[in-house]
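Okay, so here's the structure we're looking at.
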Amino acid sequence: MASDKRPMVTLACTECKRRNYNTTKNKVNNRDRLEMNKYCPFCRKHTAHKETR
């Protein structure tokens, strides 16, 4: 059973706006939106991926 402290979030590419990754984040420590550099298979390069709602 998943906890409410680590909800699932979806990461979307900032360049092509496609949703590529699902991950969890700790809501207690990280209240703001998550941003990571990940590989986008559609852009074929590493780009910034931001958390979507």
Side-chain angles (χ1 to χ4, degrees):
M1 185 168 101
S3 175
D4 291 332
K5 294 183 180 178
R6 291 200 65 88
M8 289 291 294
V9 294
T10 304
L11 300 178
C13 179
T14 54
E15 291 187 20
C16 67
K17 307 296 188 228
R18 293 198 184 195
R19 296 176 180 188
N20 300 324
Y21 294 98
N22 292 318
T23 188
T24 60
K25 79 168 188 177
N26 191 334
K27 262 188 148 174
V28 175
N29 295 334
N30 302 324
R31 299 294 297 170
D32 50 348
R33 288 194 182 186
L34 190 63
E35 184 173 348
M36 304 170 86
N37 283 327
K38 304 285 276 181
Y39 179 77
C40 179
F42 302 102
C43 298
R44 294 185 184 163
K45 59 184 175 180
H46 284 83
T47 59
H49 282 68
K50 287 188 177 180
E51 174 184 345
T52 60
R53 293 197 174 188

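In terms of the ring-ring contact (aromatic ring centres under 6.0 Å, His included) criterion, residue partners of Y21 (sequence neighbours excluded) are, by chain and number, H49.
With rounding to the nearest 0.5 angstrom, the SG atom of C40 is 11.0 Å from the NZ atom of K17. A distance of 12.0 Å separates SG of C16 from CZ of R44, quoted to the nearest 0.5 Å.
Considering only heavy atoms from C-beta on, V9 comes within 4.5 Å of T23 through its side chain.
Among residue pairs with one or both ends in residues 22-40, those qualifying as salt bridge (charged side-chain N to carboxylate O under 4.0 Å, His left out) are K25-E51; sequence neighbours excluded.
Judged by distance alone, with hydrogens and angles left aside, the side-chain atoms of T52 form a donor-acceptor pair with the main-chain N or O of T10 at under 3.5 Å.
A single hydrophobic cluster is seen to contain both L34 and Y39, as judged by linkage of ILVMFWY side chains at heavy-atom distances under 4.5 Å, directly or through other members.
Across all non-hydrogen atoms, the minimal contact from A48 to N37 is CA-OD1, 3.5 Å.
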